[in-house]
Amino acid sequence: MGGVTSSMAAKMAFFPPSPPSYEVVEEAATGALVLEAFPRRENVRVVKFGTRRGSEIVGVYIAHPMAKSTILYSHGNAADIGHMLELYVDLSTHLRVNLFGYDYSGYGQSSGKVITLLFFLGLFDSFDPSTPLIDIIAQPSENNTYADIEAAYKYLEENYGTKQEDIILYGQSVGSGPTLDLATRLPRLRAVVLHSPILSGLRVMYPVKRTYWFDIYKNIDKIPLVKCPVLIIHGTDDEVVDCSHGKHLWELCKEKYEPLWLKGGNHCNLELYPEYLRHLRKFISIIEKSPSQWQTLWRSIGGVEEARRSVDCFEAPRMSADLRDKPRKSTDKQEQLKFQGHKLSNVETVEKSRISFDHVAGSQRNKENHDKSRKSVDVHFGRTRKSLDWLDKIRAR
C-alpha cells in the first residue's frame, strides 16, 4: 500500500523538464565535466555523485573567494540546474557565498536507480538471448529527494571540507521538503531559507486540517524541530502555493527571523523584486555573526513582534491552484530585474533561472501528456476529497 501511494504521489507532485535543459560532457583537454552549450566559467564546477538509493546526481558548485557561508540549494518543480544556473551565479556573486545546486533523481541528467528486467526462457514463444535488456529508470519520489539532498550535503563535507555550521539550506517550493527534512537532522546548521514553501503536498491541493498518512513533504510537522534561524520568503499573490503556507510555517518556527512577504509577488517571480536580494543579504550578514550576536542584532531591529505584525498581508487561506496551472505572465516592470546595481540582460534569462511548480515544458508532446495527467489528477483528488470528508464524519461521531 505504501509503495502504491508513493508512486501515485510522485506522479502528481513531480514534473521534471522533458527534455532536460542541458547535457553533461567531458572536456577533452582537461577532463573536467561541463554543461554543454553553457558559458564556461572558472568558478563553476560540474560534479557527479551517488546516493544511498543508487542514483547518480549531477550538481554545480559555484565558488566565491570571499565566502563565509555555503548555500545548498534545492530548486523548485519543473526545473533543472540548467534553468537555475544564471540565478545560482548571481546569488553567489551578490551574496558573497559559495553555492551548491543539484538535480533530484529523475531531473536533468540525474539518473534514478536502474532496474534490469530479464526475459525468462519460456515466457514467449521464442527467446533470443541477445535481446537487449529493458532498463527502467526510477521515477522522482519523496524518499529519493531525501537521499539526494543528504548525498549533496555529504559531498560538500567530503570534497570541500564544508562544515555544518557554515551551511545555509535553501529550499524553493517543492524543494522546501528535502530542505526541512535534512534540517531536522543537522542541529548545528547556520540557517535555513524557505522560498514559497509548502505546508505539505496534500495541503497545496486541498485545505485539510490534519496530516494524513498518505501525505508527502509534511513540512508542517518538521519545522518546529529545526534549531537554526529560519527565513521565509513568499509572494502575497501566489496562486500555486497560497501565502498562508508561508505564514503558518513562520509561526511554527523555533528560531524566527523577519519574514519577507512580497506584495504582489506570485510563485515564480520573487527574484525580480529588489527587496528579495536586499533581505537575503541582510539575513546572511546577521547569521554569519556568532549565535549570541545574531540574536542581539535580531532583537535590535524589531524582532519577532514587528515581524508578526507584518503577517496582516494575508487573507483567509484559499485552496491553492492545481499544480499544473499553465504559467502566468508577469506584469512586473523590467526595472525590477535589478540586483543591487546589477541588471539582468533580459526577461528570458530570468525565466530560465526560476521555473517552479506551475511551469510545464512548452513542447506539444508535454502539453498532450499534461492534459492527460490533469484528468488523472482530478480523478485521484476527487476520490481523496470524498475519503477525507468520510473520515471527518466518522471522527465527528
Side-chain angles (χ1 to χ4, degrees), residues 35 38-46 59-76 79 81-102 156 160 162 166-173 175 179 189-197 229-235 257-263 265 268-289 294 297-298 301 330 332-356:
L35 301 185
F38 284 81
R40 183 77 162 89
R41 293 181 172 94
E42 290 301 321
N43 66 326
V44 176
R45 183 185 174 196
V46 180
V60 288
Y61 183 85
I62 298 101
H64 192 285
M66 300 177 66
K68 295 180 181 178
S69 301
T70 297
I71 290 178
L72 176 52
Y73 198 117
S74 299
H75 61 65
I81 57 176
H83 296 118
M84 302 297 296
L85 185 59
E86 292 301 322
L87 177 63
Y88 289 167
V89 172
D90 285 330
L91 288 177
S92 175
T93 300
H94 297 289
L95 299 177
R96 296 184 177 182
V97 296
N98 303 319
L99 191 147
F100 191 35
Y102 66 98
L156 284 174
Y160 292 99
T162 310
D166 297 330
I167 291 179
I168 301 170
L169 297 184
Y170 190 118
Q172 179 178 2
S173 194
T179 291
L189 275 176
R190 173 155 282 174
V192 167
V193 178
L194 300 178
H195 176 144
S196 305
V230 178
L231 164 63
I232 296 181
I233 304 171
H234 216 123
Y257 181 81
E258 180 185 7
L260 178 59
W261 315 125
L262 286 168
K263 188 174 182 180
C268 61
N269 72 346
L270 304 189
E271 301 92 340
L272 304 183
Y273 287 77
E275 302 97 311
Y276 167 79
L277 195 64
R278 286 200 298 266
H279 204 80
L280 271 175
R281 185 185 290 116
K282 179 182 177 183
F283 176 62
I284 290 174
S285 68
I286 289 176
I287 58 151
E288 286 183 341
K289 311 291 184 181
W294 91 258
L297 285 169
W298 173 216
I301 60 173
S330 173
D332 304 292
K333 296 180 180 180
Q334 188 164 349
E335 285 78 4
Q336 289 179 312
L337 303 182
K338 294 181 181 178
F339 263 10
Q340 192 69 18
H342 170 76
K343 185 172 182 179
L344 298 178
S345 57
N346 52 55
V347 175
E348 182 182 359
T349 302
V350 181
E351 289 293 338
K352 292 180 180 178
S353 66
R354 55 162 180 62
I355 304 172
S356 195

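Values in this document were obtained by computation on a predicted structure and should not be read as measured data.
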Donor-acceptor contact present, side-chain S92 to main-chain V97, <3.5 Å: yes

Polar side-chain atom of N98 near backbone of H64 as donor-acceptor pair, under 3.5 Å: yes

Y257 OH to I287 CD1 distance, which is reported to the nearest 0.5 Å: 9.0 Å

Side chain to side chain contact (heavy atoms under 4.5 Å, CB included) assessment of V89 paired with L99: CA-CA 8 Å; V89 172; L99 191 147; over 6 Å; no

Between CD1 on residue I168 and CD1 on residue I284, distance to nearest 0.5 Å: 4.5 Å

Which atom of L260 lies closest to which atom of E275, heavy atoms considered: CD2-O, 3.7 Å

Spatial distance of atom CZ (F38) from atom CD (E86) [nearest 0.5 Å]: 7.5 Å

Parallel, tilted or perpendicular: rings of H75 and Y102 (30°, 60°): tilted

Sub-4.5 Å side-chain heavy-atom contact between V44 and Y88: no

L231 side chain near L280 side chain, heavy-atom distance below 4.5 Å: yes

Within-4.5 Å side-chain heavy-atom neighbours: V60 and R41: no

Side chain to side chain contact (heavy atoms under 4.5 Å, CB included) between E271 and D90, worked out: CA-CA 11 Å; E271 301 92 340; D90 285 330; over 6 Å; no

Which atom of E258 lies closest to which atom of H279, heavy atoms considered: O-NE2, 2.8 Å

Y61: ring-ring contact (aromatic ring centres under 6.0 Å, His included) partners, not counting sequence neighbours: Y160

Validation row: R96, K68 side chains within 4.5 angstrom (heavy atoms): no

Rounded distance [0.5 Å steps], CD1 in I233 versus CZ in F283: 9.0 Å

Straight-line distance of H195 NE2 to S74 OG, nearest 0.5 Å: 13.0 Å

Residue pair H234 / P259, side-chain heavy-atom distance below 4.5 Å: no

Evaluation steps, side chain to side chain contact (heavy atoms under 4.5 Å, CB included), between L95 and I71: CA-CA 10 Å; L95 299 177; I71 290 178; 4.2 Å; yes

Distance, nearest 0.5 Å, that separates CZ of F100 from OG1 of T162: 9.0 Å

Verdict with reasoning, I62 to L91, per side chain to side chain contact (heavy atoms under 4.5 Å, CB included): CA-CA 10 Å; I62 298 101; L91 288 177; over 6 Å; no

